> 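For reference, the structure I am asking about is given below.
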Amino acid sequence: MHSHELGKAFEPQSFENSIYEFWEKNRCFEASDQSAPGQEPFCIVIPPPNVTGVLHMGHALTNTLQDILIRWRRMKGDNTLWLPGTDHAGIATQTLVEKAVAKEGKNASGRPLSRHDLGREKFVERVWKWKEDHGSQIKNQLKKMGSSLDWTRERFTMDEGLSVAVREVFVRLYQEGLIYRGERVINWCPRCQTALSDLEVVPTDRKGSFWHIAYRVVDESGKPVLNADQTPAQLVIATTRPETLLGDSAVAIHPDDERYFHLHGKKVILPLVGRQLPIILDAYVDREFGSGALKITPAHDFNDYEIGKRHDLPIVSVMGKEGRVTAEGGAFAGMKFAEAREAIVQQLQEQGFLVRVEDHAHKIGLCQRCDTVAEPIISKQWFVKIAPLAEPAIAAVQSGKIEFSPKSWEKTYFEWMNHIRDWCISRQLWWGHQIPAWYCGRCEGISVARETPTQCDHCQAPTSELRQEEDVLDTWFSSALWPFSTLGWPQSTDALKTFYPTAILETGFDIIFFWVARMIMMGIHFMGDVPFRKVYLHAMVRDEKGEKMSKSKGNVIDPLTVIQQHGADPLRFTLAMMAGQGRDIKLSVDRVEGYRAFCNKLWNATKFFHLQIHPDQGGPVEEPAGGLARWVLEQHQELLVHHQWILSRLQSTIQTVEASLEKFELNVAAQALYQFTWHEFCDWYIELSKLALREGGERRVQTIYILRYVLGELLQLMHPFMPFVTEELWQSLPWRAAASHATRKQLGLPDLTTLMLQPFPQFHEKLTHPGAEQMIASIQSIVEAFRNFRGENNISPKVEFSVKYCPGSAEADAFLRAHSTQIQFMSRIGNLVSVTPGTPEVSGESMIRISHPPLEFRIQLQGLVNVDEEVKRVEKEIEKLNGDLAFIEGKLSQETFLSRAPAALVEKERARQGDLLSKKLEMEKVLGRLRSLK
RNA sequence: UGGGCUGUAGCUCAGUGGGAGAGCACCACCUUGACACGGUGGGGGUCGUUGGUUCAAUCCCAAUCAGCCCAACCA
């Protein structure tokens, strides 16, 4: 890249893409498998987005935060690896392709084409093709964000290497007894036709009904039990799912429930079906709820399943996988669940079993992917026995080997991990890692192996007798291995040795259980060490009203649109500024526009520098011999006070940014950069430097040096946050040095003139200057007092007025003489002439007083302002002084304050009181004189 | 039911044991040789409520109200 003219204003579209290409072409993002001697590795693995995904604000946020950390550490010299990749996203992707296939035509029976019409092999081919066609979309979108990912290492959860890792893990866990196949109640999505894990079912509020159904009671011999009044005894049972009664195995009551003591040992007749069911006693039953009697359907309810096991009840499975009642359902067999419910309710009513129906609000589980009601059904599935894996994973966080930030999430983590249930990992899908288990047609034994076995493990039957498990693994199974599988595991690669454990995991809190916890478990189990040291959890991005963004609500703010309109840097800066927020980030485009203005400000500050070295303004200046940085460090004591001030303020900013990045307080760092750039560098330093620049000669050259130095440091400091605009501006500056980075040397790459590989600015103690800071603060308060006078009196900026000043000390006099031109320039006043202290006030003068240093300014009002306005201004000031005084006097009049508060504080308050008092007396005199004028 | 979070200016949010800040919005003035994506000045808050600890509380503690999130076996 070559130095070039800057455009009129910040126009991100004109340079963002070419800058990214420049970085990528020159291999700036690449890490080295082996760090240079003394070089630290720093690795973050990307939370892999769905391969078919489209970049949304959540991605934009997490990738901005990660890129900031990565770019910062890279500039600090680390061997930095940010590892990209995508997730195959089992159900999501399969559903997408199924929909596409359905649109293509109809099958022989006239229905839209389904995956079954294609067959497994063809369908999976189609998904791969889809992946090839659409998989690069998200990658290109990440590039638009400026993400400095090492694309040479891009991975995919179903690529060859990761598939090897998945099989390896499966086989080992199986051999260790931590994976088993078992028949259990699981959540089933009838639309997706697959089992779901507990986490993939979203409990959702629904209005439903509460059906109260009478079950007639009979004795051991099957005769109806009668009540005292000779009516038949019955148990009323309330349910929200009447269709499940077909699968009832018992009715449960609480053992201590006095109302039902007489029914112990009796049975009930299941309505419509006629089956006799035992009445069982179980303390699980809540006596307060409903009638206190509970129907037990072990095949279709998680709790009933447990109760059924306790009482050895038969399991009657009446709800089939295709969403219809099974043959066990007798007359209702073949009906869809909803139809069955209607029919059953109707028959119950007709036959007099329905006691009453109430409205009932309750939660039902919906499939996370398709919002279909997920039904608990009994089914044979593969599970991970989780407790032995969870234990060390809990310990790792307890011991601080892994730290969560914000720390409060650790509690959430413990809460879940301590109550964790076995993980159902099999999915009845075609897109995913097919489970490496083979069933023997001869002995029915299971052989689990890394590759297709040549014979049955149990009966040595040949391969031809073996049939591979059709199910695939839960997508999150492969994601759980991500931090080590992407680095080459199970092979012992250099990358794995260098970068595992990774440094930081940055992600949303919504996937702590899905992903973070599982990575910790798998990492510890297979690598013998945690997968990362720190877990940073960010908030959810919502719309400006705090509502979740969703396509159906139409409130989605599309990051790509925002980037196109305002640029990637303003978006990144906005997100960084908001990163400190607790759980929700309310994003509005207004904010982005605000930070676009900030970019424009930075742009124009740089343009200001360029103007100063333009031929019209005195022409180019040579870089100091030995380099600018060295010149600054050597010369800073000789410089004008505002130069010393800005250097000192810069040090303070460097310190804040560095410390905040270290603590992952990116918003604090961004805030400091914004404040410094706009309100110190632009508002004051550039303004203060204009006089010296006009003066020309040595002072102009010095000013150009400091401007260039501070600008350079600032661009470096800001680069991790706003990589594009900083690189673009930096490339325009003179005296750029080629960056020499250890990683590039390791990779055998030449040095490169780029900002992104420059060293991160360092704090220089010797450049801090409290004296200069104090002096500029004084100038600022004087200038602000004049501006206030002008503003409150509505004096046009064009009107210059003269001011007399009266110093309270020799130092104050010297100070003012030294800085009078600056003060005049900044506050646009004309003459500034001194009067000897004690000179009597002239009629028609008003006064401005400054405490540090002690100075009085007298302004002749005649012909300048309306006296009434100035009276108002002075009155306001006195009012404020009175308020301050009342507060301090109140404090100082308290005996307990004087005796118990720190002496230094008491002293400070006393001094302040004196100061305020004398100021007040002066202003009152001024007020008196002003009033006498009228 | 359990766990957690939040409550500060009109809006979005920082913040601290010694009389509250920013950005945006608002009002007034200003096209000044980097920038109107700009400059200058200004208005605006009993820091959810009530108690307690303290010389001193917006900040620490307790209670309470309001809103939100997560986990869960109330059919």
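Every chain is numbered from 1, with letters handed out A, B, ... down the list of sequences. Everything numeric in this text was worked out from a predicted model, so none of it was measured.
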> Please verify the inter-ring angle class for A:His642 with A:Tyr685; under 30° counts as parallel, over 60° as perpendicular, anything in between as tilted.
tilted
> Tell me which pairs pass side chain to side chain donor-acceptor pair (under 3.5 Å) where either residue lies in residues 788-798 of chain A, with sequence neighbours left out.
A:Glu792-A:Lys876, A:Asn793-A:Glu870
> The test is salt bridge (charged side-chain N to carboxylate O under 4.0 Å, His left out); show your working for A:Arg912 and A:Glu909 and say whether it passes.
CA-CA 5 Å; A:Arg912 209 172 131 219; A:Glu909 296 289 1; 3.6 Å; yes
> Over 60° means perpendicular and under 30° means parallel, so classify the ring planes of A:Phe664 and A:Tyr536, tilted if in between.
parallel
> How about A:Phe404 and A:Trp409: are their ring centres within less than 6.0 Å of each other?
no
> Can you tell me which stems RNA chain B forms, taking runs of 3 or more consecutive Watson-Crick or G-U pairs with both distances under 3.5 Å?
B:1-7 with B:65-71, B:10-13 with B:21-24, B:26-30 with B:38-42, B:48-52 with B:60-64
> Between atom CD1 in A:Ile307 and atom C1' in B:C74, what is the gap in whole Å?
11 Å
> Report the distance from atom SG of A:Cys682 to atom CG of A:Leu714, rounding to the nearest 0.5 Å.
8.5 Å
> Quick one: label A:Lys908 by what it contacts on the DNA or RNA (base, sugar-phosphate, nothing), any heavy atom closer than 4.0 Å.
nothing
> Expressed in angstrom and rounded to an integer, what is the separation of A:Asn667 atom CG from B:C13 atom P?
13 Å
> Do the non-hydrogen side-chain atoms of A:Met826 and A:Trp684 ever get within less than 4.5 Å of each other?
yes
> Going by side chain to side chain contact (heavy atoms under 4.5 Å, CB included), A:Ile557 matches just one of A:Val589, A:Leu571, A:Val541. Which one?
A:Val589
> Taking only the C1' atom of each, what is the distance from B:C70 to B:C24 in whole angstrom?
32 Å
> Looking only at atom P, what distance separates B:A71 and B:U12, rounded to whole Å?
26 Å
> Using a cutoff of under 3.5 Å, can you pull out all pairs of nitrogen or oxygen atoms linking the protein to nucleotides 6-9 of chain B, with atom names and distances?
none

> Nearest 0.5 Å, please: how far is CG in A:Asp248 from OH in A:Tyr215?
4.0 Å
> For the NZ atom of A:Lys663 and the OG atom of A:Ser405, what is their distance to the nearest 0.5 Å?
11.0 Å
> Given A:Lys295, which partner from the list A:Thr239, A:Asp301, A:Asp304, A:Thr244 fulfils the side chain to side chain donor-acceptor pair (under 3.5 Å) test?
A:Thr244
> Can you tell me how far P in B:U53 sits from the matching atom in B:A62, rounded to whole Å?
15 Å
> What interatomic distance, in whole Å, is found between P of B:A63 and the corresponding atom of B:G18?
25 Å
> Measure the CD-CD1 distance between A:Glu680 and A:Ile646 for me, rounded to the nearest 0.5 Å.
6.0 Å
> I need the residues from residues 881-894 of chain A with at least one non-hydrogen atom less than 4.0 Å from RNA chain B; give them sorted by number, or say none.
A:Gly883, A:Asp884, A:Phe887, A:Lys891
> I'd like the P distance from B:C11 over to B:U46, given in whole Å.
13 Å
> Determine the Euclidean distance between corresponding C1' atoms of B:G45 and B:G10; express it in Å to zero decimal places.
11 Å
> Say you pick atom C1' in B:G48 and the same atom in B:G67; how far apart are they, in whole Å?
11 Å
> Within the 4.0 Å heavy-atom criterion, would you say A:His679 contacts the bases, only the backbone, or no part of the nucleic acid?
sugar-phosphate
> Rounded to whole Å, please give me the gap between CD in A:Glu665 and P in B:A14.
12 Å
> Separation of A:Lys407 atom NZ from B:C5 atom C1', in whole Å?
17 Å
> Give, for atom OG1 of A:Thr606 and atom CZ of A:Arg708, the distance between the pair rounded to the nearest 0.5 Å.
10.0 Å
> Salt bridge or not between A:Arg873 and A:Glu869? Use side-chain N to carboxylate O under 4.0 Å.
no
> Taking the nucleotide of RNA chain B with the closest heavy atom to each, which residue, A:Arg912 or A:Gly791, is nearer the 5' end?
A:Arg912
> When the ring planes of A:Trp678 and A:Phe598 are compared, do they come out parallel, tilted or perpendicular, using 30° and 60° as the limits?
parallel
> Tell me which of A:Lys411 and A:Pro902 sits closer to the 5' end of RNA chain B, going by the nucleotide each one is nearest to.
A:Lys411
> May I have the distance from A:Arg790 (atom CZ) to B:G39 (atom P), rounded to whole angstrom?
18 Å
> Using the rule ring-ring contact (aromatic ring centres under 6.0 Å, His included), only one of A:Phe15, A:Phe724, A:Phe608 pairs with A:Trp603; which is it?
A:Phe15
> Between B:U1 and B:G17, how far apart are the two C1' atoms, rounded to whole Å?
38 Å
> How many Å lie between OH on A:Tyr413 and C1' on B:G2, as a whole number?
20 Å
> Pair A:Arg259, A:Arg287 - check side-chain contact (heavy atoms from CB on, under 4.5 Å), show working.
CA-CA 10 Å; A:Arg259 293 173 295 178; A:Arg287 278 170 280 181; 4.3 Å; yes
> A:Lys586 has an atom NZ; how far is it from atom C1' of B:A14, in whole Å?
15 Å
> For each nucleotide in nucleotides 66-73 of chain B, reading 5' to 3', give B when a protein heavy atom comes within less than 4.0 Å of its base, S when such contact involves only the sugar-phosphate, and - otherwise.
-----S-B
> At what distance, to the nearest 0.5 angstrom, does OG of A:Ser781 lie from CZ of A:Phe786?
10.5 Å
> Find the distance A:Glu909:CD to B:G17:P and express it as a whole number of Å.
17 Å
> When you check every protein heavy atom under 4.0 Å of nucleotides 24-38 of chain B, what one-letter string (B, S, -) results, 5' to 3'?
-----S-SBBBB-BS
